[in-house]
Number of protein chains: 2
Amino acid sequence: MTKILQRNLYREVADRIGDLIEHGELLPGERISEKQLCDLFGVSRTPLREALKVLATEGLIELLPNRGARVVRLTLKNVKDTYDLMAALEGLSGELACQYISDAEIAAIRQLHNTMLEHYRNRDLIPYFQVNRQIHESILAASNNDVLQEMYSNLSQRVKRVRYSKQMTERYWSQAVKDHENMIAALEQRDSQLLGQILRDHLCNKIEVATLAGVIDTEDDKSVVNN
Amino acid sequence: MTKILQRNLYREVADRIGDLIEHGELLPGERISEKQLCDLFGVSRTPLREALKVLATEGLIELLPNRGARVVRLTLKNVKDTYDLMAALEGLSGELACQYISDAEIAAIRQLHNTMLEHYRNRDLIPYFQVNRQIHESILAASNNDVLQEMYSNLSQRVKRVRYSKQMTERYWSQAVKDHENMIAALEQRDSQLLGQILRDHLCNKIEVATLAGVIDTEDDKSVVNN
DNA sequence: AAAAGTAATTATGAATTCAATATTCCTTTG
DNA sequence: CAAAGGAATATTGAATTCATAATTACTTTT
C-alpha cells in the first residue's frame with residue numbers, strides 16, 4: 001500500500017532547497033536570492049516563492065517582509081528545545097507502539113537491536129547510528145499515529161543539518177546501549193509506561209546537544225554574516 | 001520586548017481562511033474555489049495560492065494536484081491522534097514549567113485555579129473552560145520552549161473546529177477538577193515528573209474525544225491495524 | 001575625506017497573462 | 001433512453017509583467 005505522493009513543482013523546489021540547507025550549501029543566516037535559485041532550478045519565481053513560504057512554515061527558513069528570506073540560524077537553545085520535544089514525542093511513540101505493535105514487528109526490532117550490538121562491539125560508529133535510527137523509526141511507525149509521525153519528521157528536518165554522531169564518549173555510548181537493552185525488554189513485555197519513560201529519558205538526544213554546545217553559536221542571531 | 005509580527009498578504013489570507021474553516025463557513029471535505037476566495041478577499045490568485053500551500057503544510061487543507069484544494073475532513077482517529085499528541089506536549093510543558101516558572105507566575109495560576117473552582121461550583125461551563133484553558137496556556141508559556149509552543153499551537157488549530165465543551169458529565173467534571181488540584185500542588189512543589197505525568201494523563205482530552213465519537217464520521221481512513 | 005542626500009539599480013510583492021488539465025454540457029450512437 | 005465521445009467551458013499550474021520597497025552608487029556639501 002504505497003502512498004500517492006503528489007509532485008507539485010513547489011513541493012519539489014521546497015525539497016531541493018531543504019537539501020541545500022541540510023548539506024550546508026545554503027548556510028545559516030545566509031540570504032536566499034530568489035533569482036539565483038530560479039536560475040539554479042530553472043523555474044519561475046512563482047513556484048519558488050511558494051516553496052519559500054512552505055519552508056518558512058516548516059521552520060527551515062524565515063521570511064523578512066520586503067527583504068527576502070534567509071536560512072534559519074539555529075541557536076543552541078533552539079536545538080535544545082527541539083530535542084526536548086523530540087524526546088517527548090519518542091516517549092509517546094513508545095507508549096503507543098506497545099499497544100499496537102505485532103510480534104513480528106517486535107522480532108524485527110530485536111533483530112535490528114542485535115545488529116546494533118554487533119556494531120557497538122566493533123565500535124563501528126556510523127553503522128551503529130544507522131541501525132539505531134532504524135530502531136527508533138520502527139517504533140515510531142508502530143505507534144500508528146500519523147500526526148505524531150508527521151510532527152516528528154518535521155522536527156527532525158529542522159535539526160538534521162547539525163546532527164552529529166561524532167565525539168561519542170565510551171561512557172555515554174555504553175549507557176545508550178544499556179538504554180536500548182531496556183527499551184527492547186519493555187517493548188517485548190509491552191510495558192507502555194516503562195518504554196515511554198525510557199525513551200523520554202534516553203540519553204541519545206542529550207548527548208547530541210552536549211556535543212553541539214561547542215559547534216553552534218550561542219548568541220542570538222541578528223548578525224549579518226556572510227558577504 | 002514585543003515580537004514583530006510580519007503582515008504579509010499571504011499570511012493574512014491564510015489566517016482568514018483558517019477562520020472560515022474554524023467557524024464552519026468552509027465545511028470539511030468542501031472544495032475550495034480559488035476564484036471565489038479571491039473575490040471574497042479582494043486579492044489576486046498569487047497570494048491566495050501561497051496561502052493555500054501554507055494551510056496545507058499546517059494540516060488544515062489538502063491539495064489535490066490539478067484539482068484544487070479541500071478542507072481536511074477530520075476522522076475520529078485523526079482527532080484522537082492529535083489529542084494524544086497534545087497530551088504528550090502538555091506533559092512536557094509541565095515538566096519544563098517546573099524548572100522555569102517564577103513564584104509570581106505560580107501565584108497567578110493559583111489565582112486562575114481558584115476562579116475556575118468558583119465557576120465549577122456554579123456549574124458555569126463556558127467560563128470554566130475559558131479559565132481552564134488559560135491555566136494550560138500559562139503552563140505552556142512557562143515552559144520556555146518556543147518550538148513546543150509553536151507545535152502545540154498548530155495542533156490546537158487543527159482540531160479547533162470540532163472542540164466541544166458540552167456534554168460534560170458530572171463524574172468526569174469532578175475528576176477533571178481533581179486533576180487540576182493535583183496539578184497546582186505539583187506545580188507549587190515544582191515536581192516536574194509528577195506534573196508531567198498528571199498532564200499526560202489529564203482526562204480533559206480523552207473526554208473530548210469521547211464526546212466527539214458521536215459527532216464525527218467514524219469511517220476509518222483505511223488505516224487498518226498492522227499485520 | 002566623511003557624511004548626508006539623491007538618483008539609479010535591484011529585489012521583492014502582487015496582479016496579470018499564458019498554458020495545461022479537468023469538468024461540464026451537448027451531441028452522437030447503439 | 002443510456003452510454004460514449006467530443007467540443008466548450010472553467011479551473012488550476014506556472015511564467016510574465018507591473019508596482020513598490022530596499023539597496024547600491026553617485027553626487028554634493030561641509
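Lettering follows sequence order; numbering is per chain, from 1. FYI, side chains are in, hydrogens and waters are out, and symmetry mates aren't considered; it's all heavy atoms of this structure.
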task: Drop me the distance from A:Asn154's CG to A:Thr57's OG1, to the nearest 0.5 angstrom.
output: 10.0 Å
- prompt: Taking atom C1' of D:dT12 as reference, at what distance in whole Å does atom CZ of A:Arg11 sit?
  reply: 19 Å
Rounded distance (nearest 0.5 Å) linking atom CG of B:Leu48 with atom CZ of B:Arg16: 11.5 Å
field: Euclidean distance, atom CG of residue A:Asn8 to atom P of D:dA14 [Å, nearest integer]
entry: 7 Å
- request: Compare every heavy atom of B:Gly196 with every heavy atom of B:Glu95, then report the nearest pair and how far apart it is.
  value: CG-CA, 3.9 Å
message: Using side chain to side chain contact (heavy atoms under 4.5 Å, CB included), reason through A:Leu27 and A:Val71 one step at a time and then give a plain yes or no.
response: CA-CA 7 Å; A:Leu27 292 167; A:Val71 179; over 6 Å; no
- line: The answer to which of A:Val43 and A:Asn66 contacts DNA chain D further toward the 5' end, by nearest nucleotide, is A:Val43
task: Can you see which heavy atom on B:Leu74 is nearest to which on B:Asn78, and at what distance?
output: CD2-OD1, 3.3 Å
- prompt: Is a donor-acceptor contact shorter than 3.5 angstrom present between the side chain of B:Arg67 and the base of D:dG13?
  reply: no
message: Check this for me, if you would: do B:Arg161 and B:Glu22 make a salt bridge, where the nitrogen-to-carboxylate-oxygen distance has to be below 4.0 angstrom?
response: no
task: Specify whether B:His136 and B:His180 have parallel, tilted or perpendicular ring planes, treating 30° as the upper limit for parallel and 60° as the lower limit for perpendicular.
output: perpendicular
Euclidean distance, atom CG of residue B:Leu48 to atom C1' of D:dG13 [Å, nearest integer]: 14 Å
- line: In whole angstroms, the gap separating P of D:dT12 from CZ of B:Arg49 amounts to 8 Å
field: Residues touching DNA chain D, which here means a heavy atom under 4.0 Å, drawn from residues 29-39 of chain B
entry: B:Arg31, B:Ile32, B:Glu34
- prompt: Which sits closer to the 5' end of DNA chain C, A:Gly68 or A:Thr46, going by the nucleotide each is nearest to?
  reply: A:Gly68
task: Nearest whole angstrom, please: distance from the C1' of D:dG13 to the CZ of A:Arg45.
output: 17 Å
N-O pairing of B:Glu62 and B:Arg31 below 4.0 Å: no
- request: Considering only heavy atoms of chain B and a distance under 4.0 Å, specify the first and last nucleotide of DNA chain C in 5' to 3' order that meet this criterion.
  value: C:dA14 to C:dT23
message: If the threshold is 4.0 Å, N to carboxylate O, is there a salt bridge linking B:Arg45 and B:Glu34?
response: yes
